[in-house]
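Notes follow once the structure below has been shown.
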2 protein chains.
Amino acid sequence: MLKYNQSHKNYIILIIKTNAVYLLKRLSKYIKNLNIKKKTTIKDIANVLNISPAAVSKALHDDSRISEKTKKAVKQVAKNLNYQPNHLASALRKGKSHLVGVIVPRTNSNFFSSVIQNIEEELDKEGYNIIITQSNESYKKECRNIDTLLFTQVDGIIASMANETINLDYYEKIKSKGIPLILFDRGENDLNVDYIGINDYDSSHMIVEHLVQQGCKRIAHIGGYKRTRIFNNRIRGYIDALKKHNLSLEDELLIESNLTIEDGREKMSQLLALKNKPDAVYVAGDYAALGALQILNEQGIKIPEDIALVGFGNEPFTAMVTPSITSINQHSAEIGKQAAKTFLEHAKKSVVKQQLNKIILDAELIVRDSSNIKNS
Amino acid sequence: MLKYNQSHKNYIILIIKTNAVYLLKRLSKYIKNLNIKKKTTIKDIANVLNISPAAVSKALHDDSRISEKTKKAVKQVAKNLNYQPNHLASALRKGKSHLVGVIVPRTNSNFFSSVIQNIEEELDKEGYNIIITQSNESYKKECRNIDTLLFTQVDGIIASMANETINLDYYEKIKSKGIPLILFDRGENDLNVDYIGINDYDSSHMIVEHLVQQGCKRIAHIGGYKRTRIFNNRIRGYIDALKKHNLSLEDELLIESNLTIEDGREKMSQLLALKNKPDAVYVAGDYAALGALQILNEQGIKIPEDIALVGFGNEPFTAMVTPSITSINQHSAEIGKQAAKTFLEHAKKSVVKQQLNKIILDAELIVRDSSNIKNS
DNA sequence: CATATATGCTTAAACGTTTAAGCAAAATAA
DNA sequence: TTATTTTGCTTAAACGTTTAAGCATATATG
């Protein structure tokens, strides 16, 4: 029983029967909550229903050892009190953060943005969230990103390496911590981790084949850095495809580039300065291809009649510019999905039984105006 | 003392003096660590130095009540054992995750990607990490993103709303939880939260003024949804600027659009079907402007001589297409920085003393070929 | 000299959740 | 009937960190 006695206008005196002490304990906690306006916890639910916090936790997770009746009650109270589980606490206890780090060179490319979106969708199904970081093609930034992600206790990292990255120490660091590492697009064979990418070698073959069919005989290649696996594969594919079609490989037609717009302009100018100009240019990246296109347009060179142009990556702008640029579609959605799935496999399997996945997807050539000689 | 006795080839017998029991305890923990290969914790460091975990924690945080000698020792041991603080534990204890959620309609736009990058850089300085989520312009996805971020226990949310978003319940949910919410670009006055954006009204004035200067008399506007604040402001600016220059506002020249490429094409076609065609079109988004440009090019209409074209947002492709598109630069870097700073202010200040920031930045008109009549 | 203050630590509890272990009571099997 | 299993919970510890409170010891102050 609880007596109320307004003995003084500024005080309230409560007279509580001794056996109500336990109630008072609950009440005092409730009052505390009122003041600080704390978030409701499992304990609060437990107090309301007069069961243990453990039972509440199990009920919320549909443990088989909890009665349906209790489960229903718990869920109802949880809803009423607007209970939101504290992710940090459960992550700490379970030793899993349910966060996955993603590192990309940049997000403002359609390829990466689409990969990210698909990673996210796939992981979301299993209750994982992703933390996206951008390296801006900088090795230093990439290292900081890795540290940040490790600090945030991510359960895994999905990454595409910066152009600059040669030193793999930081990636070894991830591996040494036993955190699943999955690379996509820009990977490294030496690291010996899971990898998802397209068949760059075959893609180069497709491009050269297409250009040969269009009647081109002097096909130049503005490639990426040879030391980066994907660009090396594109170069090898280019060289082998030339051989296959009995075209000679000429040193002056094979140029290494960082594949920015600016460098695309420069390398294209370089090609135009040759005595014996090419009749086709295959650029290993769309942005550089755009730079090349600008130079060609500026110099009044007809595309594709004088020089045909092919890019790589199928960035949306390839379809927007004039003339539209033929390019390779990398199936970004599939790459993202596979990367996520590969991570999930690691997360589910025991630490011991691990095997490497190297997933190589076929790419697709999107023929546009810049190389469509016969119909132009 | 510790005696070693190889009595059996498969066993090792250790004879330990009784007073070494306490050492054994430490040793057994060490052995355990060896087997399970656990991460080193503050406790490990404490054990090595024979001090309390509390002292270690304080030493690592440069607490004034810890001697320099101890600090040095702790830091050295921490380095030796490759100690990485467990962020989850400290976040749980401190009630702060040091994570900030970011919601954008999409990341593959230069504007958003640049904003994000600057938010990240600014927050990184103060030890915050960001979790990026994309709404893909979908209200449903946006709601899920908010739930995800709240679940991850973010300390704040910086968001730009999806086009679809009209119902503000989910944003109210953030507010009601006392989590700082900062909107940028796409905001809502009704929400009454911090906002960082550009002066859309003035920007429209600048555009109209520029077109008038180029000699245009019938200026059309393909605008965004009227209900969205920024697009409404652009429309108001357009209308008022027309008045200011004594041009009549004609209903058929003011069109509402979702501002995608496709809709840009459609709305431009609609304008071209008019008996009395416009001599300039101001499109409230670059993508729709691109669609408009495609239609104009396809129909052989000269830009800017027949019809001048202006976009909004200064997406990189506006400089890439032919002719290049005049557009408004939104100072994405500054918006990102200010958004981050605004959050940090909230994070530092006490919950009680809060005041709203509405930061409106001036934008910049980048004149390109599509509206440069006099020099073309 | 006694008292006050500063220094350098320790102890113990807390953050909110999960989970191994355990214990009655109920249901089932022998 | 008794033994066994199942059901439905509780207790208590743990995850790794931080921090309020406390306690000596050393130093400063009057």
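In what follows, every chain begins at residue 1, and chains take the letters A, B, ... in the order their sequences are listed.
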Exercise. Just do the side chain to side chain donor-acceptor pair (under 3.5 Å) check on B:Thr152 and A:Asn129 with the steps written out, would you?
Key: CA-CA 8 Å; B:Thr152 319; A:Asn129 293 318; 3.2 Å; yes

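No side-chain donor-acceptor contact under 3.5 Å links B:Thr165 to the backbone of B:Tyr139. Distance alone, capped at 3.5 Å, is enough to place a donor-acceptor pair between the A:Asn167 side chain and the A:Asp169 backbone. Put simply, the side chain of A:Lys141 never gets that close to the backbone of A:Pro105: no donor and acceptor are under 3.5 Å apart. Remark: side-chain polar atoms of B:Thr133 are not paired, donor with acceptor, to backbone N or O of B:Asn145 under 3.5 angstrom. Counting only distance, with no hydrogens or angles, the side chain of A:Lys43 and the backbone of A:Pro53 share no donor-acceptor pair below 3.5 Å.
As judged by a 4.0 angstrom heavy-atom cut-off over every strand, B:Ser57 is placed among the base-contacting residues.
With no hydrogens or angles considered, no side-chain donor-acceptor pair links B:Asn118 and B:Glu122 at under 3.5 Å.
Whole-Å rounding puts the B:Tyr83 OH to D:dG16 C1' distance at 8 Å. If you take NE2 of B:His98 and P of D:dT17, they are 15 Å apart, rounded to a whole angstrom. One can place NZ of B:Lys96 at 15 Å from P of C:dG16, the figure rounded to the nearest angstrom. Rounded to whole Å, atom P of C:dC9 lies 11 Å from atom CG of B:Leu49. Atom CG in B:Asp62 sits about 15 Å away from atom C1' in C:dG8, given to the nearest Å. One interatomic measurement links the two molecules: CD1 of A:Ile42 to P of C:dC15, which rounds to 14 Å at whole-angstrom precision. Rounding to whole angstrom units, NZ of residue A:Lys94 and P of D:dG16 are separated by 16 Å. Per the geometry, NE2 belonging to A:His87 stands 11 Å off P belonging to C:dT18, to the nearest Å.
Closest approach to the A:Leu92 side chain among D:dT18, D:dG16, C:dT18 is made by D:dG16 (side chain taken as heavy atoms from C-beta onward). In this structure, of D:dT18, C:dT18, C:dT17, it is D:dT18 that holds the atom nearest to the side chain of B:His61.
Taking OG of B:Ser135 as the start and CD1 of B:Ile103 as the end, the distance is 8.0 Å to the nearest 0.5 Å.
Annotation: the terminal axes of the helix from C:dC1-D:dG30 to C:dA30-D:dT1 meet at 40°, where each axis is the rotation carrying the C1' atoms of four end pairs onto the next four (5 pairs per end, rounded to 10°).
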Quiz item: Which letter, B, S or -, goes with each nucleotide of nucleotides 4-14 of chain D from 5' to 3', with contact meaning a protein heavy atom under 4.0 Å?
Solution: ---BBBBBBBB

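Scanning residues 73-81 of chain A for heavy-atom distances under 4.0 Å to DNA chain D yields an empty list.
Of the candidates B:Leu149, B:Asp155, B:Ile174, B:Ile174 is the only one forming a side-chain contact (heavy atoms from CB on, under 4.5 Å) with B:Ile179. Screening A:Glu345, A:Gln338, A:His346 for a side-chain hydrogen bond (donor to acceptor under 3.5 Å, both in side chains) involving A:Asn357 leaves a single residue, A:Glu345.
Counting heavy atoms from C-beta outward, B:Thr342 and B:Tyr195 have side chains that stay 4.5 Å or more apart.
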